[in-house]
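Report on the following structure.
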There are 2 protein chains.
Amino acid sequence: MKHDFSKRMTRFAQRTLEDFSRVLFEALTETSIENITVRELCEKANYPRATFYNYFDDVYDLLNDCWQKIASDIVIDDYPSIPAEERTSALFERCYTYLSGYRAAIEKIMKHNPMDGRFAESLRKYIREQIYSIIVNSPCSEKYAVPYELMAEHYGNTIQMMLEWCFIRREQMPKEAALEALHYLLGGLS
Amino acid sequence: MKHDFSKRMTRFAQRTLEDFSRVLFEALTETSIENITVRELCEKANYPRATFYNYFDDVYDLLNDCWQKIASDIVIDDYPSIPAEERTSALFERCYTYLSGYRAAIEKIMKHNPMDGRFAESLRKYIREQIYSIIVNSPCSEKYAVPYELMAEHYGNTIQMMLEWCFIRREQMPKEAALEALHYLLGGLS
DNA sequence: AAAATTCTTAGACGCATGTCCATATTTATA
DNA sequence: TATAAATATGGACATGCGTCTAAGAATTTT
């Protein structure tokens with residue numbers, strides 16, 4: 001990570017991230033991320049190559065920053081205030097609702113970026129870690145038979161899997177069914 | 001994938017895979033996979049670069065073939081003959097036992113190849129997919145409230161997570177505790 | 001407004017990648 | 001054994017990567 005976009009950005013940095021982010025996702029609807037070159041992104045966004053490397057280590061670093069930018073749209077600041085037994089559902093529902101607005105874009109991108117490629121890897125990883133960190137940073141009074149970090153990881157895995165099942169694969173599972181499945185898989189755990 | 005090592009290999013192919021595999025893992029104990037070059041592997045293994053590309057697309061493709069070679073040591077051909085309710089435990093136990101023999105090597109490699117790097121990504125992915133395919137190809141009479149593929153994926157995720165917890169992270173969880181945790185996380189599901 | 005600081009920009013550098021081809025060597029077939 | 005097919009080898013190629021430096025532009029500080 002070359003530039004920290006989580007702290008407040010200068011106007012310049014903001015424009016740069018937005019431009020490259022837009023251009024990257026345009027490119028992703030046309031080809032796989034493995035075939036996207038830095039030169040190409042810079043030409044489309046009208047930046048010199050040096051500027052790209054001022055901000056990002058490589059294309060995958062840029063992609064990570066994009067996830068971060070996208071994720072900041074899904075507001076979950078109030079997570080700790082939700083009763084513990086409703087948190088999992090709430091978390092999943094918000095992700096589901098948000099992603100529903102991007103079905104078409106996701107489908108286009110997935111045409112060129114298969115499930116076992118680096119694009120999907122990166123997305124999977126981001127969702128998993130994001131949910132893990134949300135859970136792990138919202139301590140919960142409930143007692144579990146295993147370390148809390150392990151629980152959080154398990155939830156991260158499972159929610160990520162269900163989202164992937166609903167949006168990346170074409171299984172057409174509606175929200176209610178997905179929620180049921182999620183709770184079934186998580187068994188008695190709340 | 002350039003060469004299919006799953007079908008019977010010529011003596012040449014066998015030697016080539018073994019040499020490169022050995023040299024790759026030697027290199028992994030000294031540096032991260034991101035810094036390993038094809039040229040370097042070829043020099044250490046005394047092969048011309050062209051030969052490498054005859055067999056592998058790149059270093060990560062070689063790594064995948066290594067996993068395959070390693071996994072063939074963990075015999076699970078009899079998996080379908082195990083009673084359904086014991087399968088998960090059996091699968092996990094064999095992996096656990098096998099990996100126990102490589103604690104030292106794993107530790108050395110992990111010094112240079114962090115959890116969020118491509119090495120760990122590749123290992124994670126392989127284990128997940130391997131377990132998924134074992135389960136999915138061993139039909140089971142039990143009825144589940146969700147598609148069987150989803151169940152298999154869930155099991156793959158969870159077993160992979162527990163193995164990672166026990167071997168890649170240094171949580172020192174003994175086999176019995178890990179098995180208990182596994183069943184706890186999988187809840188009522190068998 | 002001037003000076004200092006920070007960031008952008010352009011170009012060049014060395015190195016690694018993955019492909020290709022022509023030749024040599026091995027393996028299989030007749 | 002001779003011939004055919006397949007594979008290994010060596011070298012060259014264009015292209016991308018990531019770094020670096022020096023000069024220019026924008027921003028902040030004085």
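Order of the sequence lines fixes the chain letters, A, B, ..., with proteins taken first and strands second; residue numbering starts at 1 for each chain.
OP1 or OP2 of dT7(D) has not a single side-chain nitrogen or oxygen of Asn54(B) nearer than 4.0 Å. A close approach under 4.0 Å does not occur between any side-chain nitrogen or oxygen of Thr51(A) and OP1 or OP2 of dT8(C). An OP1 or OP2 oxygen of dT7(D) is reached within less than 4.0 angstrom by no side-chain nitrogen or oxygen of Lys2(B).
The distance from atom CD of Gln14(B) to atom P of dA8(D) is 14 Å, rounded to the nearest whole Å. Rounded to whole Å, atom C1' of dT5(C) lies 15 Å from atom CZ of Phe12(A). Across the protein-nucleic acid pair, Tyr60(B) atom OH and dA16(C) atom P stand 14 Å apart, rounded to whole Å. Rounded to whole Å, the distance from CZ on Phe20(B) to P on dA8(D) is 11 Å. Between Glu34(A) atom CD and dG18(C) atom P the separation is 11 Å, expressed in whole Å. With rounding to whole Å, Arg39(B) atom CZ is found 12 Å from dA12(D) atom C1'. Between the CG atom of Leu41(A) and the P atom of dG16(D) there is a distance of 12 Å, given to the nearest Å. Distance Asp4(B) CG to dT7(D) P: 13 Å, rounded to the nearest Å.
A salt bridge is defined here as a Lys NZ or Arg NE, NH1 or NH2 lying under 4.0 Å from an Asp or Glu carboxylate O, and Glu164(A) with Arg124(A) meets this definition. Salt bridge status for Glu107(A) with Lys111(A): absent, with no side-chain N to carboxylate O gap under 4.0 Å. Residues Arg22(A) and Glu26(A) are paired through a salt bridge, judged by an N-O separation under 4.0 Å between the basic side chain and the carboxylate.
Both Asp57(B) and Arg11(B) lie close to DNA chain C; mapped to their nearest nucleotides by heavy-atom distance, the more 5′-ward contact belongs to Asp57(B). Looking at which nucleotide of DNA chain C each of Ile36(B) and Tyr55(A) is closest to, the 5′-most match is held by Tyr55(A).
Side-chain atoms of Arg49(B) come within donor-acceptor range of the base of dG18(C), with a qualifying N/O pair under 3.5 Å.
The nucleotide whose nearest atom lies closest to any side-chain atom of Tyr53(B) is, among dT8(C), dG18(C), dG18(D), dG18(C). The side chain of Ala50(B) approaches dG11(D) more closely than any other nucleotide in the set dG11(D), dG18(D), dA8(D).
Atom CD of Glu180(B) sits in a sparse spot, with 12 or fewer heavy atoms from other residues, nucleotides or ligands closer than 6.0 Å.
Separation of atoms NE2 (His154(B)) and CG (Leu186(B)) is listed at 5.5 Å; rounding is to 0.5 Å.
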